[in-house]
Novice: 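Sending over a structure as structure tokens; questions will come in a sec.
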2 protein chains.
Amino acid sequence: MPKLQQIHQMDNLHRLFFKAFSNYTRLEIIQLLRKKPLTVTEICEKTGFEQSRVSHNLRCLEHCGFVKVTQNGNFREYSLDEETIIPIVDLFDKHIRKYKERLENCGVIKDG
Amino acid sequence: MPKLQQIHQMDNLHRLFFKAFSNYTRLEIIQLLRKKPLTVTEICEKTGFEQSRVSHNLRCLEHCGFVKVTQNGNFREYSLDEETIIPIVDLFDKHIRKYKERLENCGVIKDG
DNA sequence: TAGGCATATGATAAAGTTATCATATAGACT
DNA sequence: AGTCTATATGATAACTTTATCATATGCCTA
């Protein structure tokens, strides 16, 4: 039986984990990287997002262990952690399809 | 191959799904409900959170399909969707343990 | 139907998050 | 070294989310 402090600690990590996923920019990036590794510039081109926006969010994803980087000359190639993230994302789809309509009507979270 | 619109639609649902998880209050509630179903008052007592705060967040969790309610006289008993949510939460623990330190140092997301 | 308990809801100020702009760093090539 | 290209970082205004307060609804029992 873990102590209360440990429970709260774990909750906080859960929260960080989910927040990393809960942003449109980061999700777009994750979806792209599911297909293949990409550089920052490539992500910018494919999404239309500004470079700075992409870099900031990649930094977040890297911190959270979602993506790995390999320096390649002047470029940095980002790829998903396939062992943990890809199976997780796949699993979510099931729940999301089931509760599609309800999710859309959750007043607490904005739809933008 | 899904259309671009469908991909964005799915992303949006993913985002809603994760936002539901990414809040301290809601995670505390989820952790409690993993053990057994509880009424609003019981959740308030166990967490120390205000009744209104708990109700608002339960509403969100219900919309997202995380919890179910059964009216029981004057009380409403909330329980987790054990088929989808409990396995998902278990799966997260693995990733979270692996990336504990990094999650804690993600500057984008506040640690509060 | 009156009163009490359990829960829900609406409005809003405070707190947190995001995109953007401007600027910095770092590698490659001359 | 100087320049170009790729990426990272810091500050901040705009936006989103949260907790809280006040109040409303709904069920029960007398």
Side-chain angles (χ1 to χ4, degrees), chain A residues 11-12 15-30 32-33 37-64 67-79 103 105-112, chain B residues 11-12 15-30 32-33 37-64 67-79 103 105-112:
Chain A
D11 273 355
N12 201 36
R15 201 175 47 75
L16 290 171
F17 175 82
F18 291 117
K19 277 202 191 280
F21 266 121
S22 68
N23 165 276
Y24 179 70
T25 305
R26 292 194 286 273
L27 268 176
E28 285 291 302
I29 293 172
I30 289 169
L32 281 177
L33 294 180
L38 295 171
T39 68
V40 177
T41 304
E42 285 170 330
I43 295 170
C44 290
E45 283 167 2
K46 282 173 190 290
T47 58
F49 299 154
E50 233 196 31
Q51 179 267 318
S52 169
R53 177 178 175 185
V54 171
S55 276
H56 276 300
N57 282 289
L58 280 171
R59 187 171 184 275
C60 170
L61 290 173
E62 194 191 349
H63 265 117
C64 296
V67 302
K68 293 171 291 189
V69 206
T70 25
Q71 188 85 23
N72 185 4
N74 211 351
F75 296 83
R76 312 193 80 205
E77 194 169 67
Y78 284 88
S79 59
L103 282 164
N105 288 309
C106 173
V108 175
I109 298 164
K110 285 214 180 155
D111 197 28
Chain B
D11 273 355
N12 201 36
R15 201 173 48 73
L16 291 171
F17 175 81
F18 291 117
K19 278 202 191 277
F21 265 122
S22 67
N23 166 272
Y24 179 71
T25 305
R26 291 194 286 273
L27 268 176
E28 285 291 302
I29 293 172
I30 288 169
L32 282 177
L33 294 181
L38 295 170
T39 67
V40 177
T41 304
E42 286 170 329
I43 295 170
C44 289
E45 283 167 2
K46 283 172 189 291
T47 57
F49 299 154
E50 233 195 34
Q51 179 267 316
S52 170
R53 177 177 174 185
V54 171
S55 276
H56 276 300
N57 283 289
L58 280 171
R59 188 171 184 274
C60 171
L61 289 173
E62 195 190 349
H63 266 117
C64 296
V67 301
K68 291 170 291 189
V69 207
T70 26
Q71 188 86 23
N72 184 5
N74 211 349
F75 297 83
R76 312 193 81 204
E77 194 169 66
Y78 285 88
S79 60
L103 281 164
N105 288 309
C106 174
V108 174
I109 298 164
K110 286 213 181 155
D111 197 27

Novice: Is any side-chain nitrogen or oxygen of A:Arg26 closer than 4.0 Å to OP1 or OP2 of C:dT18?
Specialist: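 Checking A:Arg26 against C:dT18: at least one side-chain N or O falls below 4.0 Å of OP1 or OP2.
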Novice: Quick one, give me the B/S/- string for nucleotides 24-30 of chain D, reading 5' to 3', where B means a protein heavy atom under 4.0 Å from the base and S means that only happens at the primed atoms, P, OP1 or OP2.
Specialist: --BBS--
Novice: Provide, to the nearest angstrom, the distance between the CG atom belonging to A:Leu38 and the C1' atom belonging to D:dA6.
Specialist: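 Answer to the nearest Å: 15 Å.
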Novice: In whole Å, I'd like the distance from the CG atom of A:Leu58 to the P atom of D:dA6.
Specialist: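 Answer to the nearest Å: 16 Å.
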Novice: Using every non-hydrogen atom in the two residues, find where B:Leu61 and B:Ala20 come nearest and quote the distance to one decimal.
Specialist: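 Closest approach of B:Leu61 to B:Ala20: CD2-O, 4.3 Å.
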Novice: Could you grab the distance from atom SG of A:Cys64 to atom NZ of A:Lys19, nearest 0.5 Å is fine?
Specialist: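 If I round to the nearest 0.5 Å, the distance is 11.5 Å.
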Novice: Checking B:Ser52 now: which residues fulfil side chain to side chain donor-acceptor pair (under 3.5 Å) with it, not counting sequence neighbours?
Specialist: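 Here no residue qualifies.
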Novice: Just wondering, do A:Leu58 and A:Ile43 contact through their side chains at under 4.5 Å, heavy atoms?
Specialist: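 Yes. Closest side-chain heavy atoms under 4.5 Å.
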Novice: Starting at OH of A:Tyr24 and ending at P of C:dA19, how long is that distance when rounded to a whole Å?
Specialist: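 It is 10 Å, rounded to the nearest whole Å.
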Novice: Can you list the residues that meet the side chain to side chain donor-acceptor pair (under 3.5 Å) rule with B:Gln51, with sequence neighbours excluded?
Specialist: B:Ser55
Novice: Using side-chain heavy atoms (C-beta onward) and a distance below 4.5 Å, is B:Asn57 in contact with B:Arg53?
Specialist: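 They are in contact (side-chain heavy atoms under 4.5 Å apart), so the answer is yes.
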Novice: Using the 3.5 Å cut-off, write out each protein N or O paired with an N or O of nucleotides 9-11 of chain C and the distance between them.
Specialist:
residue: C:dT9; atom: OP2; partner: B:Arg59; partner atom: NE; Å: 3.0
residue: C:dT9; atom: O4; partner: B:Ser52; partner atom: OG; Å: 2.8
residue: C:dG10; atom: O6; partner: B:His56; partner atom: NE2; Å: 2.8

Novice: Round to a whole Å and report the spacing from CG of A:Asn57 to P of D:dT7.
Specialist: 15 Å
Novice: Just one of A:Leu32, A:Leu33, A:Leu27 clears the side-chain contact (heavy atoms from CB on, under 4.5 Å) bar with A:Ile29, so which one?
Specialist: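 Checked A:Leu32, A:Leu33, A:Leu27 against A:Ile29; only one passes side-chain contact (heavy atoms from CB on, under 4.5 Å): A:Leu33.
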Novice: Quick one: list whatever passes ring pair (Phe, Tyr, Trp, His ring centres under 6.0 Å) with A:Phe18, sequence neighbours left out.
Specialist: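 Testing A:Phe18 for ring pair (Phe, Tyr, Trp, His ring centres under 6.0 Å), a comparison that skips the adjacent residues, returns B:Phe21, B:Phe92.
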Novice: Give, for atom CD of B:Glu50 and atom OG1 of B:Thr25, the distance between the pair rounded to the nearest 0.5 Å.
Specialist: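 Taking CD in B:Glu50 and OG1 in B:Thr25, the distance rounds to 11.0 Å.
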Novice: Once you round it to whole Å, what is the distance between P of C:dA15 and NZ of A:Lys19?
Specialist: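 From A:Lys19 NZ to C:dA15 P: 16 Å.
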Novice: Hey, does the side chain of B:Tyr78 come within less than 4.0 Å of C:dA6's phosphate (OP1/OP2), counting only N and O?
Specialist: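 No, no such contact exists.
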Novice: Quick one: bend of the helix from C:dT1-D:dA30 to C:dT30-D:dA1 from 5 pairs per end, to 10°?
Specialist: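 About 20° separates the two local helix axes.
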Novice: Excluding sequence neighbours, so at least two apart, what forms side-chain contact (heavy atoms from CB on, under 4.5 Å) with B:Arg76?
Specialist: B:Val69, B:Gln71, B:Tyr78
Novice: Measure from CD1 on B:Ile43 to C1' on C:dA8 and round the result to the nearest Å.
Specialist: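 It is 14 Å, rounded to the nearest whole Å.
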Novice: Using whole Å, report how far CD of A:Glu77 lies from P of D:dT5.
Specialist: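 Nearest whole value for this atom pair: 21 Å.
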Novice: Quick one: A:Phe49 CZ to C:dT18 C1', roughly how many Å, whole number?
Specialist: 12 Å
Novice: Between C:dA19, C:dT7, D:dA19, spot the one nearest the side chain of B:Thr25, thanks.
Specialist: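 The listed nucleotide nearest to B:Thr25's side chain is D:dA19.
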Novice: Under the side chain to side chain donor-acceptor pair (under 3.5 Å) rule, collect the residues that match up with B:Glu42, sequence neighbours excluded.
Specialist: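 Only B:Thr39 meet the side chain to side chain donor-acceptor pair (under 3.5 Å) criterion with B:Glu42.
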